[in-house]
Number of protein chains: 2
Amino acid sequence: MAPDAFAALSDPTRRQVLDLLYRKERSAGELGAAFPSISQPGMSRHLRVLREAGLVRVRPEHRLRLYSLRTEGLAGVDAWLAKYRGFWESELDALEAHLDARRAARERPPGPRSP
Amino acid sequence: MAPDAFAALSDPTRRQVLDLLYRKERSAGELGAAFPSISQPGMSRHLRVLREAGLVRVRPEHRLRLYSLRTEGLAGVDAWLAKYRGFWESELDALEAHLDARRAARERPPGPRSP
DNA sequence: CGATTCTATAACATCGGATTTATTTAACAG
DNA sequence: CTGTTAAATAAATCCGATGTTATAGAATCG
């Protein structure tokens, strides 16, 4: 697992790039065109970060460089999350929140009832 | 969903804090002590980032502030990942990688055979 | 070959995040 | 109320990531 997959995903633009690549390879230029506010070298750098994080694959074709999703990096993130998934899928989490709220209310009543 | 959960998770220290909080609430001081290389205010700021990302909950008790996991933020990350999960759980991804490798080898033979 | 197209890299500016020291707020104990 | 402990905020610094312009590299076409 690439240790910086989280860092790569921390940028919204890069997440959007991945969304564009969902099941559909696209050229670097195509991806750049999807973000008019970012220069061509800017997109190229984003793609490099994604590449080095193992999140995309690149393949030369004709004059283009075609990028596609490579889920290794995402699988690493998913593996980290997996530890917690059972936690919120059980309703333990919500239950604790509820108990916390009750306890807080008990310890600090809303009205000026107790001196 | 807190939009900056990804950003919060991009820092390794914060991920380790979440690991420490797995099913076990801990005080701010306890968490700080687990990272001797980080100052008290430094940890406090990390905790704030986690709080604002909806990843932890805090509860005052005695003189301490007890932090615990709050999976809302993680669930948001998980929801984003979910879109891709089916993709790598099927072996479509590995298959494509294989085909890419074959195609690349065909288009660009290893030896300096062709002028 | 020379021109053109597509993309990556270099060099540089800038902005934000991480960290630190110093200070403040909050909750108690005496 | 005074002092003490726990934790958050303020202010300043530092470093890395993002973004830009300019340039280089790679493939293709005429």
Side-chain angles (χ1 to χ4, degrees), chain A residues 2-17 20-21 25-53 55-68 103-104 106-109 114-115, chain B residues 2-18 20-21 25-53 55-68 103-104 106-109 112 114-115:
Chain A
D4 44 2
F6 282 97
L9 291 178
S10 71
D11 185 276
T13 300
R14 287 193 289 262
R15 290 200 298 277
Q16 289 177 45
V17 167
L20 284 174
L21 290 180
E25 75 182 351
R26 294 179 190 268
S27 70
E30 216 176 334
L31 293 169
F35 299 84
S37 65
I38 294 182
S39 67
Q40 178 266 316
M43 177 54 65
S44 188
R45 280 173 76 92
H46 279 305
L47 292 174
R48 174 150 81 146
V49 172
L50 289 171
R51 235 185 299 129
E52 291 175 346
L55 292 171
V56 300
R57 178 191 308 131
V58 65
R59 170 173 79 82
E61 168 121 347
H62 196 68
R63 276 185 227 179
L64 309 175
R65 316 234 343 164
L66 295 177
Y67 281 84
S68 59
R103 176 166 26 189
R106 203 178 335 114
E107 286 175 352
R108 202 194 267 210
S114 42
Chain B
D4 43 3
F6 283 97
L9 291 178
S10 72
D11 185 275
T13 299
R14 287 194 289 264
R15 289 200 299 275
Q16 289 177 45
V17 167
L18 294 184
L20 283 174
L21 291 180
E25 75 181 351
R26 295 180 190 268
S27 70
E30 214 176 336
L31 292 169
F35 299 84
S37 64
I38 294 181
S39 67
Q40 179 266 317
M43 176 54 66
S44 187
R45 281 182 84 84
H46 279 305
L47 292 174
R48 174 150 82 145
V49 171
L50 289 172
R51 234 185 300 130
E52 292 176 346
L55 293 171
V56 300
R57 179 191 308 132
V58 66
R59 171 174 78 83
E61 168 121 347
H62 197 68
R63 275 184 227 179
L64 309 175
R65 314 215 32 176
L66 295 177
Y67 282 85
S68 58
R103 178 165 25 190
R106 204 181 331 116
E107 286 175 352
R108 202 195 266 211
S114 42

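Nothing here was measured: the structure is a model prediction, and the numbers come from that model. Every chain is numbered from 1 and lettered A, B, ... according to where its sequence line falls, protein lines coming before strand lines.
- Considering only heavy atoms from C-beta on, Gln16(B) stays 4.5 Å or farther from Leu20(B) through its side chain.
- The heavy-atom pair separating Ala53(A) from Ala5(A) by the smallest distance is CB-CA, 4.1 Å.
- For Arg14(A) and dT18(D), the shortest distance from a side-chain N or O to OP1 or OP2 is below 4.0 Å.
- An OP1 or OP2 oxygen of dT5(D) is reached within less than 4.0 angstrom by no side-chain nitrogen or oxygen of His62(B).
- Residue-level contact check: Thr13(A) touches neither bases nor backbone, having no heavy atom under 4.0 Å from any strand.
- Residues satisfying the salt bridge (Lys or Arg N to Asp or Glu O under 4.0 Å) criterion with Arg26(A), sequence neighbours excluded, are Glu30(A).
- If you measure from atom CG of Leu50(B) to atom P of dA7(D), you get 16 Å, rounded to the nearest angstrom.
- When all heavy atoms are compared, the tightest approach of Leu47(B) to Val56(B) is O-CG2, 4.2 Å.
- In terms of phosphate contacts, Arg65(A) brings a side-chain nitrogen or oxygen within less than 4.0 Å of OP1 or OP2 of dA8(C).
- The distance from atom CG of Leu47(B) to atom C1' of dT9(D) is 14 Å, rounded to the nearest whole Å.
- For Arg51(A), the salt bridge (Lys or Arg N to Asp or Glu O under 4.0 Å) test picks out no residue, with sequence neighbours left out.
- At whole-Å resolution of the value, NE2 in His46(B) and P in dA8(D) are 13 Å apart.
- Arg14(A) places no side-chain N or O within donor-acceptor distance of the main-chain N or O of Leu9(A), the cut-off being under 3.5 Å.
- For the segment residues 28-43 of chain A, residues with any heavy atom less than 4.0 angstrom from an atom of DNA chain C are, sorted by number, Ala28(A), Gly29(A), Gln40(A), Pro41(A).
- The side chain of Ser44(B) has dA8(D) as its nearest neighbour among dT7(C), dA18(C), dA8(D).
- Residues His46(B) and Phe35(B) form no side-chain contact, since every pair of their non-hydrogen atoms from C-beta on lies 4.5 Å or further apart.
- When atom types are taken as modelled, the side chain of Ser10(A) and the backbone of Ala7(A) share a donor-acceptor pair closer than 3.5 angstrom.
- Rounded to whole angstrom, the span from the CZ atom of Arg48(B) across to the P atom of dG17(C) amounts to 12 Å.
- Applying the 4.0 Å criterion to OP1 and OP2 of dA8(D), one finds that Tyr67(B) has a side-chain N or O inside that range.
- Under the side-chain hydrogen bond (donor to acceptor under 3.5 Å, both in side chains) criterion, Arg65(B) pairs with no residue at all, not counting sequence neighbours.
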Sort me out a list of protein N/O and nucleotides 12-15 of chain C N/O pairs below 3.5 Å, or just none if empty.
none

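- Residue Ile38(B) holds its CD1 atom at 11.0 Å from CG of Leu31(B), rounded to the nearest 0.5 Å.
- When rounded to the nearest whole Å, the span between CZ of Arg51(A) and C1' of dT7(C) equals 10 Å.
- Rounded to an integer number of Å, the gap from CZ of Arg59(A) to P of dA27(D) is 15 Å.
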For nucleotides 2-4 of chain C, which of its nitrogen or oxygen atoms have a protein nitrogen or oxygen under 3.5 Å away, and what is each distance?
none

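- Whole-Å rounding puts the Glu61(A) CD to dA27(D) P distance at 13 Å.
- Counting heavy atoms from C-beta outward, Val49(B) and Leu55(B) have side chains that stay 4.5 Å or more apart.
- Put simply, OG on Ser27(B) and CD on Glu61(B) are 11.0 Å apart, with the number rounded to the nearest 0.5 Å.
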